There are 2 protein chains.
Amino acid sequence: MTRKTDSHILNERSLILFKSLVEHFIQDGQPVGSRTLARDTNLDLSPATIRNIMADLEDLGLLSSPHTSAGRVPTIQGYRLFVDSLLRVTNLDHEQIERIRNELNPDQDIRNLMQKTSSTLSEITRLASVVTLPRSEGQSLQHLEFMPLSDNRILVILVVNDREIQNRIIDTARTYTQSELQQATNYLNEKFAGKHLNAIREEIIKELERMKDNVNQLMQIAIEMAQKAFENGEQSSDYVMAGHTNLMDVAELSDIEKLKKLFDSFNQKRDILHLLEQSIHARGVKIFIGEESGYDVLDDCSIVTSPYEVDGRIMGVLGVIGPTRMEYQRVIPIVDITAKMLGSALNSQH
Amino acid sequence: MTRKTDSHILNERSLILFKSLVEHFIQDGQPVGSRTLARDTNLDLSPATIRNIMADLEDLGLLSSPHTSAGRVPTIQGYRLFVDSLLRVTNLDHEQIERIRNELNPDQDIRNLMQKTSSTLSEITRLASVVTLPRSEGQSLQHLEFMPLSDNRILVILVVNDREIQNRIIDTARTYTQSELQQATNYLNEKFAGKHLNAIREEIIKELERMKDNVNQLMQIAIEMAQKAFENGEQSSDYVMAGHTNLMDVAELSDIEKLKKLFDSFNQKRDILHLLEQSIHARGVKIFIGEESGYDVLDDCSIVTSPYEVDGRIMGVLGVIGPTRMEYQRVIPIVDITAKMLGSALNSQH
DNA sequence: ATTTAGCACTCTCACCACGAGAGTGCAAAA
DNA sequence: TTTTGCACTCTCGTGGTGAGAGTGCTAAAT
């Protein structure tokens with residue numbers, strides 16, 4: 001093989017060819033041959049020339065061929081180059097934008113909103129979609145209520161962020177009277193309303209310290225109950241998912257064993273959550289292609305994610321999961337705009 | 001063909017053979033031939049005799065053969081006879097019973113409990129499992145709370161049945177003061193606490209009638225708000241599902257197209273709900289075999305359901321979905337006992 | 001120095017034939 | 001009524017074959 005400089009090899013012409021090849025392959029999933037490219041690009045080159053170029057691209061690790069007499073297929077690095085440098089994102093038509101805006105009606109509780117977001121996203125992209133629940137750090141307590149269930153069991157209702165309701169059941173050492181509960185409720189609401197849950201937890205710890213000296217009966221009851229109410233920490237992070245059956249249509253995943261492993265990992269949630277977390281630190285759309293994700297089950301998949309934010313703070317992540325051979329230029333802007341619209345839907349809930 | 005009476009044909013010997021054949025087929029999914037049966041029953045008959053008997057059973061519609069030189073396979077009617085008359089249910093070992101009891105911890109909210117029930121059921125049976133949420137008819141209001149969100153928007157919290165919390169957002173014609181809300185809350189709690197939701201709805205309608213004459217300002221506000229709070233009726237019936245990936249292992253459903261249709265109908269929920277409703281009227285385990293269900297997507301599936309009850313009232317249904325060739329004698333008692341345990345878990349929540 | 005034409009080569013895939021294996025149904029014997 | 005014997009049928013795995021697609025290389029053309 002003759003030695004050439006990179007700039008020589010990755011010139012504009014080869015990039016045009018490469019881009020065309022990737023687009024072809026994304027379209028119909030078949031390895032692309034030199035004849036096809038000669039026909040469908042307007043470079044006016046013979047198949048032989050194109051073969052030479054493709055051989056170079058293969059040497060660079062951008063293409064590979066399944067076997068000698070098949071055409072060529074992009075590698076992971078090939079896709080990476082494609083999405084990073086060659087891809088021209090399509091504009092969304094207003095119809096789709098309107099559709100998303102309509103579905104993401106802010107007048108529903110958080111979980112429904114996330115569910116709706118996910119199903120809309122999966123329908124529009126025709127892929128599987130995930131949306132993490134907003135992380136609880138930004139949560140501020142609006143109101144708190146105790147309600148006796150039976151002896152020694154109390155239902156705690158926490159209203160956070162205006163419309164999200166968490167309820168927890170706590171076991172108490174003894175039975176409290178209705179008026180004790182009422183007083184504790186008043187005291188705690190006055191003391192904690194408007195504050196962030198984390199701040200409240202810290203304050204409770206401090207109060208517990210101080211209480212050793214100052215034994216005000218009422219305060220003691222209240223703080224003890226508050227401690228129990230808030231102790232079972234964060235709701236562990238979680239996501240909702242929709243449209244995973246869309247993945248059953250894609251030929252690359254026709255192996256039912258692989259598909260099962262993939263679906264199982266969706267149910268398990270652990271791996272997917274780890275992956276999504278990687279996307280929560282930086283703004284904007286992020287793409288994991290094939291093995292880049294680091295999880296075996298996702299080897300044949302790409303994941304396109306974007307964090308969504310409220311008041312400039314990143315609250316969670318959403319994204320789609322599809323075959324590596326997905327229509328990136330169509331999917332990326334959809335994920336992007338959906339994240340933004342989810343952010344503004346959450347914002348208008350305040 | 002010689003004419004024989006039914007009693008002649010369906011004698012004990014043929015039933016033993018038939019039962020053995022079904023058990024064989026359930027075990028390994030292969031059509032069963034005369035040789036196999038001759039070997040594995042202790043009837044001491046030659047394959048030829050067994051062939052004659054099998055031909056009779058085929059005439060009766062209990063068996064069929066995929067092709068001339070395969071063995072035989074039970075038909076839907078065959079399975080029906082098998083589960084109705086021949087099946088001897090196995091006893092559950094105490095370990096499994098204990099496991100179910102442990103997982104169905106009453107100290108969690110309804111939805112979690114149902115989720116847990118479903119996943120436990122699917123793990124033990126290694127099939128897909130559904131559990132409907134308890135129907136809301138039995139719901140009695142324990143407590144009601146209004147909480148202002150923003151101008152003209154109020155969050156309503158309903159506590160029903162001790163631990164289930166429903167929250168709804170209502171839009172009001174004007175903004176109410178804190179004290180108006182408080183008074184309305186007190187009034188409504190006093191009037192409606194302990195009553196069933198349906199009864200409350202009826203009473204609200206009556207009150208609206210009466211109100212035309214008697215214009216007590218406070219009452220009017222309260223009833224108007226109550227009307228809005230309760231108007232968006234029943235939460236439509238719903239179910240949780242678990243373990244659908246278990247179905248991806250069964251050979252009968254290896255056709256990915258069918259599987260997709262099946263999964264889609266799980267997501268759609270409509271068909272499955274209709275089916276489950278058929279089981280809510282009668283006590284005890286009910287079995288739908290193959291086409292009996294009436295839904296095309298379930299043609300290759302059987303569904304084993306049982307209603308669960310609290311205080312003798314049927315509250316919902318649970319069940320498993322698997323291939324027609326499922327281990328009925330193992331699955332049936334599991335479904336049965338799970339329904340009972342779910343009932344008693346719900347019962348001990350009071 | 002590139003590009004192209006020509007050509008031999010390789011690999012897949014659909015098709016077909018073929019034989020082994022499993023199981024049947026039927027007629028005649030037990 | 002049951003069994004033996006036997007011809008028959010159907011599936012399934014194997015191997016061969018040829019068409020089709022695409023490649024790489026060499027030599028000619030630009």
Side-chain angles (χ1 to χ4, degrees), chain A residues 1-5 7-14 16-18 20-21 24-25 28-60 62-75 251-252 254, chain B residues 1-5 7-14 16-18 20-21 24-25 28-60 62-75 251-252 254:
Chain A
M1 160 189 158
T2 58
R3 197 84 192 93
K4 309 178 190 179
T5 63
S7 67
H8 227 150
I9 294 180
L10 263 188
N11 54 13
E12 190 175 359
R13 201 181 59 179
S14 16
I16 292 174
L17 272 171
F18 176 70
S20 174
L21 186 148
H24 256 94
F25 182 70
D28 41 76
Q30 298 302 318
V32 186
S34 50
R35 272 175 55 86
T36 316
L37 281 184
R39 199 178 341 104
D40 291 11
T41 58
N42 46 14
L43 289 176
D44 228 26
L45 291 174
S46 78
T49 314
I50 291 179
R51 280 203 289 280
N52 288 329
I53 299 171
M54 291 206 295
D56 292 343
L57 293 170
E58 184 162 355
D59 286 342
L60 286 173
L62 299 175
L63 296 180
S64 73
S65 41
H67 57 86
T68 28
S69 89
R72 276 164 170 106
V73 168
T75 62
E252 288 88 334
S254 65
Chain B
M1 164 185 154
T2 58
R3 196 83 192 94
K4 309 177 191 179
T5 63
S7 68
H8 224 150
I9 292 180
L10 263 189
N11 54 12
E12 190 175 359
R13 199 181 61 179
S14 16
I16 291 175
L17 272 172
F18 176 70
S20 173
L21 185 147
H24 257 92
F25 182 68
D28 40 78
Q30 299 301 319
V32 186
S34 51
R35 274 176 52 88
T36 316
L37 281 184
R39 199 180 338 106
D40 292 12
T41 59
N42 45 14
L43 289 176
D44 229 25
L45 291 173
S46 78
T49 314
I50 292 180
R51 281 203 288 281
N52 287 330
I53 298 171
M54 292 206 295
D56 291 343
L57 293 170
E58 184 161 355
D59 286 343
L60 286 174
L62 298 175
L63 295 180
S64 73
S65 41
H67 57 84
T68 29
S69 89
R72 280 175 169 96
V73 168
T75 61
E252 287 88 334
S254 65

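None of these values were measured; they are calculated from a predicted model. In the text below, chain A, chain B and the rest are named by the order of the sequence lines, each starting its count at 1.
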Taking atom OG of B:Ser20 and atom CG of B:Asn42, what is their separation to the nearest 0.5 Å? 9.0 Å

Length of the line joining A:Met54:CE and D:dG24:P, which is rounded to integer Å: 7 Å

Looking at DNA chain C, which of residues 38-47 of chain A put a heavy atom within less than 4.0 Å of it? A:Asp44, A:Leu45, A:Ser46

Whole-Å distance, B:Asn11 CG to D:dT2 C1', equals 14 Å

Take atom NE2 of B:His24 and atom P of C:dG23, then tell me their distance rounded to the nearest Å. 11 Å

With the criterion being N/O to N/O and under 3.5 Å, what pairs connect the protein with nucleotides 27-30 of chain D, and how long is each?
none

Got a sec? Which of residues 62-72 of chain A come in under 4.0 Å of DNA chain D, heavy atoms? A:Thr68, A:Ser69, A:Ala70, A:Gly71, A:Arg72

First locate atom CD1 of A:Ile53, then atom CD of A:Glu58, and finally report the distance between them rounded to the nearest 0.5 Å. 14.0 Å

Just jot down the side-chain contact (heavy atoms from CB on, under 4.5 Å) partners of A:Thr36, sequence neighbours excluded, or say none. A:His24, A:Val32, A:Arg39, A:Asp40

Going by atom types alone, do B:Ser14 and B:Asn11 pair a side-chain donor with an acceptor below 3.5 Å? yes

CD1 (B:Ile16) and OG1 (B:Thr41) are apart, to the nearest 0.5 Å, by 8.5 Å

Closest non-hydrogen atom pair, A:Pro74 against A:Phe25: CD-CD2, 3.6 Å

Quick check against the 3.5 Å criterion: does A:Thr75 have a side-chain atom that pairs as donor or acceptor with the backbone of A:Leu62? yes

Note, B:Leu43 side chain near B:Arg13 side chain (heavy atom, < 4.5 Å): yes

Answer whether the closest heavy-atom distance between the side chains of B:Leu57 and B:Arg72 falls below 4.5 Å. no

Distance col, row B:Ile50:CD1 vs B:Leu37:CG, nearest 0.5 angstrom, shows 5.5 Å

Rounded distance (Å) that lies between atom C1' of C:dT24 and atom CG of B:Asn52: 11 Å

Taking atom C1' of C:dT24 as reference, at what distance in whole Å does atom CD of B:Glu58 sit? 10 Å

Enclosure of B:Asp28 CG (heavy-atom neighbours >12, cutoff 6.0 Å): yes

Value rounded to 0.5 Å, distance of CG in A:Leu17 from CG in A:Leu63: 10.0 Å

For B:Asp56 and C:dT24, what is the distance between atoms CG and C1' respectively, to the nearest whole Å? 15 Å

Mind checking the CG-OG spacing from A:Leu45 to A:Ser34? Nearest 0.5 Å is all I need. 11.5 Å

If only side-chain N and O atoms of A:Arg13 are considered, is one of them under 4.0 Å from the OP1 or OP2 phosphate oxygen of C:dT2? no

Considering only side-chain heavy atoms of A:Thr49, which listed nucleotide, D:dT3, C:dG23, C:dT3, is closest? C:dT3

Just report the end-to-end axis angle for the helix from C:dA1-D:dT30 to C:dA30-D:dT1, five pairs per end, to 10 degrees. 20°

Can you tell me how far P of D:dT23 sits from CD1 of A:Ile53, to the nearest Å? 13 Å

Short heteroatom pairs, N/O only, protein and nucleotides 14-19 of chain D, under 3.5 Å:
none

Rounded to whole Å, CZ of B:Phe25 lies from P of C:dG23 at a distance of 14 Å

The residue, A:Arg51 or B:Ser34, whose nearest nucleotide of DNA chain C is more 5′ is A:Arg51

Which atom names give the shortest non-hydrogen contact between B:Pro66 and B:Gly71, and what distance separates them? CD-O, 3.5 Å

